[in-house]
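This report refers to the structure that appears directly beneath it.
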Protein chains: 2
Amino acid sequence: MKPRNGRRGGARRAAPLSQESIVVAALRILDDEGPRQLSMRRLAKELSITPMALYHHVRDKHELLLLLVASRSRGAVRPVLPDDPRERLLAAAELLHDVLAQYPFLREILASPDLLAVAALWVMEALLDAAVECGLTLEEAAQAHQAIWHYTVGVLLIRTTSRRHHAELTRPTQREQVFATLSPEAFPRVTSLADRWPALTARDTHRRALEDIVEGLLGGRRPHPGEHA
Amino acid sequence: MKPRNGRRGGARRAAPLSQESIVVAALRILDDEGPRQLSMRRLAKELSITPMALYHHVRDKHELLLLLVASRSRGAVRPVLPDDPRERLLAAAELLHDVLAQYPFLREILASPDLLAVAALWVMEALLDAAVECGLTLEEAAQAHQAIWHYTVGVLLIRTTSRRHHAELTRPTQREQVFATLSPEAFPRVTSLADRWPALTARDTHRRALEDIVEGLLGGRRPHPGEHA
DNA sequence: ACCTGAACACCGTTCAAGT
DNA sequence: ACCTGAACACCGTTCAAGT
């Protein structure tokens with residue numbers, strides 16, 4: 001049925017296997033079959049080569065994933081951010097989320113200290129700059145960035161994996177069982193939220209929460225005077 | 001050297017293999033060798049049985065991990081929280097972090113909707129209650145809980161995995177390379193932080209950030225009057 | 001230099017058979 | 001009911017050999 005070397009997307013037979021062609025093939029697998037299907041062996045099969053041939057062009061899987069991030073972030077458009085520093089800080093924080101949300105394989109590289117450098121350096125810059133213009137010192141801005149980064153990671157990770165859990169919904173969720181046996185005396189708040197819990201946690205309140213968090217990180221600080229009308 | 005059936009910790013030879021003995025053996029592997037070593041096969045070896053024997057007592061690995069969480073959280077002491085609702089909210093948020101920080105295999109179950117129900121239901125109750133007493137509606141309290149939960153997950157996940165990355169420090173970190181080639185004109189904030197970056201991100205500022213985040217989530221709200229002096 | 005073949009040291013899980 | 005043996009369908013990576 002299918003010829004041994006498919007013609008879709010750029011993996012031509014005679015092409016001499018480069019980092020670029022590897023990246024292209026990997027992105028294709030990612031888009032067509034999802035992040036869980038992307039393995040060195042699967043990728044080798046896609047390129048009709050031995051798994052080990054890959055290791056001549058990338059050091060290991062981790063490096064490959066960072067290459068994928070870099071490749072996708074190169075082509076991304078950089079939106080214009082608001083002038084007002086407070087608005088800009090919020091917009092940058094949202095962008096951090098949006099940029100990283102593009103990578104379904106985030107799970108495996110989230111903790112890499114290299115991820116931000118490769119994927120969203122300019123967002124980082126914008127965020128730090130806005131924070132400083134809001135009145136934070138550079139060190140405080142770095143801490144604020146760190147807090148927003150942690151929050152964003154949590155949001156993304158929980159969203160991507162709980163979507164996976166929803167897909168395999170065979171399990172009757174231990175939560176429901178536990179919630180059902182709770183005494184309202186010992187757990188008044190949890191029990192009164194119990195049935196609404198799935199609906200409440202499913203709603204995407206990222207933007208709202210981010211507003212509050214940014215507010216808290218800035219404290220009562222006013223932007224530097226005279227920079228904007 | 002070592003007898004086939006070690007006598008440490010409770011895995012006796014004649015014992016008929018129960019959920020409890022499985023959990024005990026799993027916790028032992030976790031403590032002695034770390035979360036990455038905990039596999040169904042390794043666990044079976046520890047108990048001197050076939051991997052498949054395990055599946056007679058637990059549905060799958062995910063269920064086993066939740067059993068481990070439940071087992072550890074059963075024995076935990078519940079500290080007394082401050083009376084002042086604002087202080088209590090902050091203390092509960094810190095507890096959420098501390099409780100979950102106990103589980104090195106968090107990575108694999110973080111996204112499970114069952115995790116909180118099994119591990120930290122009372123912390124959740126305390127957090128929601130404190131938020132309501134701070135003046136939030138129950139729905140707002142649930143959203144605040146959600147935001148704190150996301151933030152906490154991010155902190156824990158990044159910490160546990162970046163520690164792993166530091167251990168295998170062979171790689172010269174792509175971040176350093178990228179940072180070195182940045183032009184100060186295009187990235188003034190990032191470049192001026194560059195050398196301090198590792199030190200700044202290594203510092204544990206969880207408590208400080210949490211204060212700010214809680215502050216932001218509460219907004220200007222005052223606690224319910226007359227409940228506390 | 002670039003690639004292959006075979007192997008190492010693993011995974012979680014299913015299925016059929018044994019006691 | 002409880003457990004084993006063999007297998008399925010995978011992983012990332014190393015090492016020695018081929019061209």
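Within every chain, numbering begins at 1; the chains are lettered A, B, ... in the order of the sequence lines, protein sequences first and strands thereafter.
- Listed nucleotides: C:dG12, D:dG12, D:dT4. Nearest to the side chain of B:T50: D:dT4.
- Per the geometry, CG belonging to A:L64 stands 14 Å off C1' belonging to D:dT13, to the nearest Å.
- Note: CG (A:L54) to C1' (D:dT13) measures 12 Å, nearest angstrom.
- Here D:dC3 presents its C1' atom at 13 Å from CG of B:L47, a figure rounded to the nearest Å.
- The side chain of B:H56 lies closest to D:dC3 when the candidates are C:dT13, D:dT13, D:dC3.
- Atom CE in B:M40 sits roughly 15 Å away from atom C1' in C:dC10 (whole-Å rounding).
- With sequence neighbours excluded, the residues satisfying ring pair (Phe, Tyr, Trp, His ring centres under 6.0 Å) with B:H145 are A:W197.
- Counting to the nearest Å, the C1' atom of D:dC2 and the CD atom of B:Q19 are 15 Å from each other.
- B:H57 has a side-chain polar atom (N or O) that falls below the 4.0 Å cut-off from OP1 or OP2 of D:dC3.
- When the C1' atom is used for both D:dA9 and C:dC10, the distance is 14 Å, rounded to whole Å.
- Out of C:dT4, D:dC3, D:dT13, the shortest distance to the side chain of B:A53 is found at D:dC3.
- When side chains are defined from C-beta on, B:M52 does not count as touching B:M40, because their heavy atoms never get closer than 4.5 Å.
- Counting non-hydrogen atoms under 4.0 angstrom, A:M52 reaches a base of the nucleic acid.
- Donor-acceptor pairing under 3.5 Å is recorded for the side chains of A:H97 and A:R159.
- Taking a pair as Watson-Crick or G-U wobble with both distances under 3.5 Å, the runs of three or more consecutive pairs in DNA chain D are C:4-8 with D:12-16, C:12-16 with D:4-8.
- Here the side chain of A:R36 pairs no donor or acceptor atom with the backbone of A:F105 at under 3.5 angstrom.
- Regarding B:Y55, its OH atom lies at a distance of 17 Å from the C1' atom of C:dA16, rounded to whole Å.
- Taken to the nearest 0.5 Å, the CZ atom of B:R41 stands 11.0 Å off from the OG1 atom of B:T50.
- Two residues are said to be in side-chain contact when any heavy atoms from C-beta on lie closer than 4.5 Å; B:L106 and B:T160 fail this criterion.
- Going from atom NZ of A:K61 over to atom C1' of D:dT13 covers 13 Å, rounded to whole Å.
- Checked against D:dC3, D:dC11, C:dC3, the side chain of A:R41 finds its nearest nucleotide in D:dC11.
- Under 4.0 angstrom from either OP1 or OP2 of C:dC11 there lies at least one side-chain N or O belonging to B:S39.
- Note that the CG atom of B:L89 and the CG atom of B:D129 stand 10.0 Å from one another [nearest 0.5 Å].
- Atom-to-atom, CZ of B:R42 to P of C:dG12 comes out at 12 Å; the value is rounded to the nearest Å.
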